[in-house]
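Single-structure report; data block below.
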Number of protein chains: 2
Amino acid sequence: MFLKIIDLAINHGFLKRDILSKLNFEQYKYGPVGLHLLNNLETEWFFHFVINRDITVFLNKDDFTSTFAFSKKMCCDRLPLGIVEKKSREKIDHDLMQDKKSSENGDSIQFCTKFSEDETEFLKGTFFISPTQSTKFFHQFQRQRRIWWRRISASPGRYLLTDIKTCENGSQNVEIRARYPWGDQQIEKLVFNCGVNDLELDDSQLQFKEGRKTVQPHTVSSTINLPTMFLNFLCDGFDEPLFQGKPRTMLRFHRKLAPYMVSFVISGTNAASVSELSDLALYLSRQLRTHHISSLLLPSASKLGLETQYKQYDELGVPYTAVLNDNTLKDGILQLRSRDTTLKEQVHVTNLITYVEKLYKNY
Amino acid sequence: MFLKIIDLAINHGFLKRDILSKLNFEQYKYGPVGLHLLNNLETEWFFHFVINRDITVFLNKDDFTSTFAFSKKMCCDRLPLGIVEKKSREKIDHDLMQDKKSSENGDSIQFCTKFSEDETEFLKGTFFISPTQSTKFFHQFQRQRRIWWRRISASPGRYLLTDIKTCENGSQNVEIRARYPWGDQQIEKLVFNCGVNDLELDDSQLQFKEGRKTVQPHTVSSTINLPTMFLNFLCDGFDEPLFQGKPRTMLRFHRKLAPYMVSFVISGTNAASVSELSDLALYLSRQLRTHHISSLLLPSASKLGLETQYKQYDELGVPYTAVLNDNTLKDGILQLRSRDTTLKEQVHVTNLITYVEKLYKNY
C-alpha cells in the first residue's frame, strides 16, 4: 500500500524520485504540487506554534543564544517565553543518526529515511516555563499537540501518544506516533527538561525573575522532521472507498492542507457554450483567488470527460469541484461536487465566493 | 539616516550584526522580530505570484527542468503557465556578482551588499506566455508589480519603473527602483524574453500547442533579492513625524507586514485593578490569536509608563495598541490607539475582535 501511495504521489507531482541518491533504496524529493502542500503544512504549524499561543514566541535562525538573549530582554526577564526555529540537517545530526539507526532494525518503512537528505529539515519549538507551572504545561502541551495532528487529519484515530519515558539525564520524553498498516511512525518528539541545561546557554543566562525570587526555567520542546510530516499527511490522506463497486483512489486532505481548494470542470454541449462557460470559469477562479482561495482551472477542464476529471481531482486531493454546464448559462446555478461524498450541491454563481469562504474558514 | 534606521532595527530585533563577516564593512542578519516581517513579506509575495494569478502557477525547488515538464503536462501543452521558485545564492551567482560590481562604483548604499551572504536568497517567477499575448502581458505585469510595491508601502510615491532597456541578446529589461534620500535602490528586475532560450531547456521541450499550431513561448520573469526586499521595507517604513514639537520615531509598516498587529498596554491605578486588567488582556490577546491576528502582550505592559510603551510599539511598527484602564473594568470600553495618527478610538471589549478583523481584512 505504501508503494501505491508513492506511485500516486509521483504521478500527481507531490513527490519526485531523487535521481542522484546513492543509496540502495529509492529516495524522494518534493514535487511541484507537493511544495504547495508543504507550504500549507508549515503555515498551520506556524499558526499553532507562534501566532496562536498564550506564550510570547520568538523566531530564531542559526543563532539560538542571541535570540534567547533578545527574547529574555523583551520579556523583562520573566517567564514564560518560547523560541521556534527551522533547522537544517547538519545542526541536529545527532538526533537524525539515532533515528536512522533505529530504522535499520528490521525492514519496516521509516518516513524519515525516505526523503533525500538535502531536504531534511526540522521544525523545533522550545518553551521556557516557570518550574511551578512546567508539569501542567507539559501535560497540556502533549494534549494540544495530539489534537493538532488529529484536527488536520483524515483519520484522527491514527494519532497516539506514547508513555512517558524518563532518560538517564532526567528528562522526560514522549513521542507522537501515527498508526499505519505497515507499522507505527514516529512523527513528533516532545521533551520535558527540568533543570538539565542541554542548550548552548550559560547558567547565568538562564536566570529569570519571578516576583522577588530568581528561578531557572524548565523547558518543554517539540521536534518535527519536516519530510516525515509531509509524508505522513500524504499517507494519512490516502483512501480507496468503494464507489459503485469500484475502489475510488483519493487523497482526503484536510481543507487547510489541500494544495488546491476548488477545481473547475466545464461540461458544455457545443463550442459556443464551452467558450462562454470557460470565460465564466476564468472569472470565478479569479474571484476565488482574490479571496485567497487557491483554485485550479486547467485547459483540460473543457476537454476531458467528467469522470476522468473527477478522478484526477480526487487523486490531487481537491476538496471541491465546481461543475459548470449548459444550465449554468441559463439559470446561473453551478454544481459544487464534494470529493469526500461525491454529492453535488447547487450553488448560484453569485454565492460561490461567500459559500466557499465559509467552507474554508473553520477547521 | 540609513545608519539611524539600522540602529533602530538592531535595537528592536529586526536585524542583528553578522559577527562572522570578514568584510571591511558591517553586514547584517535577520533578527527574531525581523523573521516575522520576512515571513509576512514572503506570504504577500506568494499570494501575489502564486495564488492570485490568472495563470496557473507551479512551484519549483532545485530542479527547473522536471518541474517545467510536469507543469507543461498538467496544462496539456497549452500556454500560459508560470513557475515560481526560491533560489539560494549559489545558483544565480552570476547575477549577484553583477549587482555587487555595479555597487562598487561609488560609495552609495546598496541593500544587497548589506546582508550576510549566507542569507542571500532570490524569489523568482517565470511566466511562459503565448507570443501573441506576451507584449501585452509584459506591460500589464510591470504595472501589477509596481502596484504591489506601492500597495504595501508607507510612501507609495517611492517606487518607479525604469525605461525598458534592450540587451544584446534581444531581451528587454526593466527595473523597479525605490527612491531614498541616499540614492535609488534596485529592488526588482523584470525581463521579457522573446525567443531567446536562456533556460536550461531543450527547444523540443519548449513546444506548446495553440489551436492546431505549435508555438514557442515568450517568457517574462521577475527576480527579487529577498534581503533587499526586507531592508527596503524597513527603510520604507521609517518615519519621524513631529509630535508635540518632538520627532516621533516609528516604523510605519503596512498592516499586512507588521510583525505584531495589536499590542496591549495596561494602565491600572492599583494592584487589584492591574491584576484584573492583566487577565482581561490575556483573554483578549488569546481571542485575537485564535483569529489569526498576531498580538503582543509583554510582561512590561503593566509595569512601564504609557509613553514609554507607545514609543516601544511605534518603533516596533505595531499599527494598533489596545489600552486597558480602570474605566475598562467599569464600562467595558478600551481605547485602541493608532500608530499613524496617535488618536484613540473607543471600542467595547466584546467588539474588539470583529473590529480588528475588519481593519486587517482589506489592504
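Side chains are part of it too, since the values below use all heavy atoms of this structure and drop only hydrogens, waters and symmetry mates. Residue numbers start from 1 in every chain, and the chains themselves are labelled A, B, ... in the order their sequence lines are given, proteins ahead of strands.
- Atom-to-atom distance recorded for A:M229:CE and A:L37:CG is 9.0 Å, nearest 0.5 angstrom.
- Shown here for A:F230 and A:G34, the closest heavy-atom pair between the two residues is CE1-O, 3.2 Å.
- With a 4.5 Å cut-off on non-hydrogen atoms, B:V84 does not touch chain A at all.
- Of the two parts of A:L288, neither the backbone nor the side chain holds a non-hydrogen atom closer than 4.5 Å to a non-hydrogen atom of chain B.
- Neither the backbone nor the side chain of B:L81 has a heavy atom closer than 4.5 Å to any heavy atom of chain A.
- Of the charged side-chain nitrogens involved, at least one lies within less than 4.0 Å of a carboxylate oxygen, so that B:E26 and B:R17 count as a salt-bridged pair.
- Residues B:F137 and B:I55 have side chains in contact (heavy-atom distance under 4.5 Å, counting atoms from C-beta outward).
- Looking at A:S71, there are no atoms closer than 4.5 Å to chain B (heavy atoms on both sides), in backbone or side chain.
- Contact check on A:E315 versus A:K311 returns a salt bridge, with a Lys/Arg side-chain nitrogen under 4.0 Å from an Asp/Glu carboxylate oxygen.
- Residue with the most contacts toward chain B among A:D54, A:L298, A:T67, A:L282: A:D54 (heavy-atom pairs, distance under 4.5 Å).
- Note: A:D63 leads A:V50, A:L297, A:D63, A:L304 in heavy-atom pairs under 4.5 Å with chain B.
- For chain A, the nearby parts of B:I51 are the backbone and the side chain; heavy atoms of each come within less than 4.5 Å.
- If you measure heavy-atom distances from B:K16 to chain A, the contacts under 4.5 Å come from the side chain alone.
- Note: B:S294 OG to B:M261 CE = 5.5 Å, rounded to the nearest 0.5 Å.
- If you tally non-hydrogen atom pairs under 4.5 Å between each of B:E85, B:E119, B:Q312 and chain A, the highest count goes to B:E119.
- Put simply, of A:C75, A:S300, A:C76, the one with the most heavy-atom pairs under 4.5 Å next to chain B is A:C75.
- Under a 3.5 Å cut-off, the side chain of B:H12 and the backbone N or O of B:F14 do not form any donor-acceptor pair.
- Both the backbone and the side chain of A:T290 come within less than 4.5 Å of a heavy atom of chain B.
- A cation-pi arrangement is not found for B:K86 relative to B:F122, the charged atom failing to lie both closer than 6.0 Å to the ring centre and inside a 45° cone about the ring normal.
- With a 4.5 Å cut-off on non-hydrogen atoms, A:L296 touches chain B through its side chain but not through its backbone.
- Within 6.0 Å of NZ in B:K303 there are more than 12 heavy atoms belonging to other residues, nucleotides or ligands.
- Within the 4.5 angstrom heavy-atom criterion, atoms from both the backbone and the side chain of A:L35 approach chain B.
- Relative to the ring axis of B:F49, B:R53 places its NZ or CZ within 45° and under 6.0 Å from the centre.
- Contact annotation for B:N39: only side-chain heavy atoms (C-beta onward) come within less than 4.5 Å of a heavy atom of chain A.
- If you measure heavy-atom distances from B:S295 to chain A, you find no contacts under 4.5 Å at all.
- Looking at A:S130 and A:E210, their side chains do bring a donor and an acceptor atom within 3.5 Å of each other.
- With a 4.5 angstrom heavy-atom cutoff, B:L316 touches chain A only via side-chain atoms.
- Of the listed residues (A:R78, A:K73, A:R286, A:H291), the greatest number of heavy-atom pairs within a distance under 4.5 Å of chain B belongs to A:R286.
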